[in-house]
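Quick note: residue numbers are just sequence positions, from 1.
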Amino acid sequence: MQAPKKTGVPAQPDPDDTDSPGSSVDGASPPRTVEELRALAVSLGRGDALISMGSKAHSVLARLVERPEEVAVRTITELADSLGVNASTLTRLATRLGYAGFVEFQTVFRDGLASRHRHFYSEQAGRLVAHASERSQSEGQGQRPEIDTMVQIARDSIANTEGFLAQLSADELQQAARLLATAPRVRVHGLRQFSALASFLAYGLAMVRGDVALLDPHGLGVAEGLAQLQPGDLVVVTSVEPYTRSIAETAEAAAKAGMVVIAITDHRASPLAAFAQHSFFVPHGSTFFSNSMGAYVIFCEGLLNLVATCLGKKALEALERRERFIADLGIE
């Protein structure tokens, strides 16, 4: 996501630090679209919003704007339970942002979804009924728990994919794909579980363009990798909660050195988003014992296709050249 202009209502006492619910001042108008709320969440993370907010309230806001369908249709109690907070926290957040209460805040999400699809609510309810019916049939047929485990993981990944699709911006995707296609050099950085995602993305990019690599492929250190880059080069960083601190530090160092940073992360409160020119937010909630990667792989596949489309004939030539080497070397 591009660095937004200062967004939001004038500063007020932080609801995390006071019992006062807070209120709008000077007649400032609160955000009226989900996109404005998302921009505010990112702006808060960067510290350039006109409103101040504690880390807990910021985290709650970031999670709410990532699940607009849920916010639109669920009760305040259900949302609070899913976030692990009290309902009063959501009420204070709404008034903090300048709304009369949670109902007015929720209306922003309902209006946004209604404008996207006039039949959203009936279709959403239909999906819920269908899922309940599927579960009931599975139990009635005595389906083996091994299959149930696979089905649940698949459903988790589908839900995560729907979660990132609901908040994608076509302009953001277009701009990021163009940068990935045209930057002089591209480096990708992820650690621990997300080192696999970084490798996948770097491999895919290298299939259609040159000068792409992991930031630290030989274990010489991130500083060495950054020292090889120049202003205008591009660094992709990826990490999710609990964030690897060094990834955020790498993003900050790259941005300060004039490099373009793209972040693939989970929340608008993510420390990676604070330094990125473009950020993409992909949920990872799952019954898997670690962070679910399914939706992240799908996102990267889509992004790679967009880069290839942007490169056009150059991508085809790069793939054909690769195929010739494979044939010449007799690689099977």
Side-chain angles (χ1 to χ4, degrees), residues 1-3 42 160-161 164-191 194-218 222 225-239 247 250-251 253-255 257-265 272-273 275-282 293-332:
M1 180 171 290
Q2 289 179 309
V42 172
N160 288 333
T161 300
F164 83 70
L165 289 174
Q167 53 188 316
L168 281 179
S169 161
D171 289 340
E172 289 284 334
L173 285 169
Q174 182 185 60
Q175 292 162 21
R178 185 177 296 118
L179 285 169
L180 286 164
T182 61
R185 284 165 289 274
V186 177
R187 299 293 182 265
V188 189
H189 190 45
L191 294 175
F194 278 75
S195 64
L197 187 74
S199 295
F200 173 72
L201 183 58
Y203 180 82
L205 286 171
M207 291 179 71
V208 295
R209 58 150 295 166
D211 215 339
V212 177
L214 295 173
L215 183 61
D216 183 24
H218 306 300
V222 170
L226 290 174
Q228 305 302 314
L229 303 178
Q230 300 295 326
D233 289 340
L234 194 153
V235 177
V236 181
V237 292
T238 181
S239 182
I247 300 292
T250 298
M259 300 159 203
V260 177
V261 177
I262 292 178
I264 303 174
T265 185
L272 277 62
F275 309 108
Q277 183 171 336
H278 296 282
S279 295
F280 297 98
F281 307 100
V282 183
M293 302 293 290
Y296 280 84
V297 173
I298 291 172
F299 172 78
C300 286
E301 287 182 358
L303 186 60
L304 288 168
N305 270 5
L306 291 174
V307 174
T309 301
C310 186
L311 287 166
K313 186 178 179 180
K314 291 181 179 178
L316 290 175
E317 291 173 347
L319 289 169
E320 289 169 354
R321 184 168 184 265
R322 184 187 192 89
E323 289 171 344
R324 286 195 297 272
F325 277 116
I326 291 173
D328 292 343
L329 292 169
I331 297 174
E332 296 181 356

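The side-chain heavy atoms of Gln228 and Asp233, taken from C-beta on, include no pair separated by under 4.5 Å. Between Ile264 and Phe194 there is no side-chain heavy-atom pair separated by less than 4.5 Å. At least one side-chain heavy atom of Val42 sits under 4.5 Å from a side-chain heavy atom of Phe281. Contact annotation: the side chain of Val282 never approaches that of Asn160 to less than 4.5 Å [non-hydrogen atoms, C-beta and beyond]. Contact check for Met207 versus Leu319: side-chain heavy atoms found under the 4.5 Å cut-off. In this structure, the side chains of Arg187 and Arg185 come closer than 4.5 Å at one or more pairs of heavy atoms. Counting heavy atoms from C-beta outward, Ile331 and Phe325 have side chains that stay 4.5 Å or more apart. Taking the side chain as every heavy atom from C-beta outward, Phe275 and Val237 never approach each other to under 4.5 Å.
Of all heavy-atom pairs spanning Gly204 and Leu304, the tightest one is C-CD2, 3.6 Å. Nearest heavy-atom pair, Leu272 versus Ser239, reported as atom, atom and distance to 0.1 Å: CD2-N, 3.6 Å. Minimum interatomic distance between Ala308 and Val208 (heavy atoms only, all atoms of both residues): CB-CG1, 4.3 Å. Of all the heavy atoms in Leu197 and Val297, the pair that sits closest is CD1-N, 4.1 Å. Between Cys310 and Arg178, the shortest heavy-atom contact is SG-CA, 3.8 Å. Nearest heavy-atom pair, Gly232 versus Ala183, reported as atom, atom and distance to 0.1 Å: O-CB, 4.2 Å.
Rounding to the nearest 0.5 angstrom, the gap separating the NE2 atom in His189 from the CG atom in Asp216 is 7.0 Å. Between the OG1 atom in Thr250 and the CG atom in Leu191 there is a gap of 7.5 Å [rounded to 0.5 Å]. A distance of 12.0 Å separates CG in Leu173 from CG in Asn305, rounded to the nearest 0.5 Å. Annotation: the span from Phe299 atom CZ to Leu165 atom CG amounts to 10.0 Å, rounded to 0.5 Å. The structure places CG of Leu329 at 8.5 Å from CD1 of Ile326, a figure rounded to the nearest 0.5 Å. Note that CD1 of Ile262 and CD of Gln175 are 10.0 Å apart. Values are rounded to the nearest 0.5 Å.
For the side-chain contact (heavy atoms from CB on, under 4.5 Å) with Leu201, the qualifying choice from Val212, Val186, Val236, Leu180 is Val236, the only one to do so.
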side-chain contact (heavy atoms from CB on, under 4.5 Å) between Val222 and Leu215, intermediate numbers included:
CA-CA 7 Å; Val222 170; Leu215 183 61; 3.7 Å; yes

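Applying the salt bridge (charged side-chain N to carboxylate O under 4.0 Å, His left out) criterion to Asp171, with sequence neighbours excluded, gives no partner residue.
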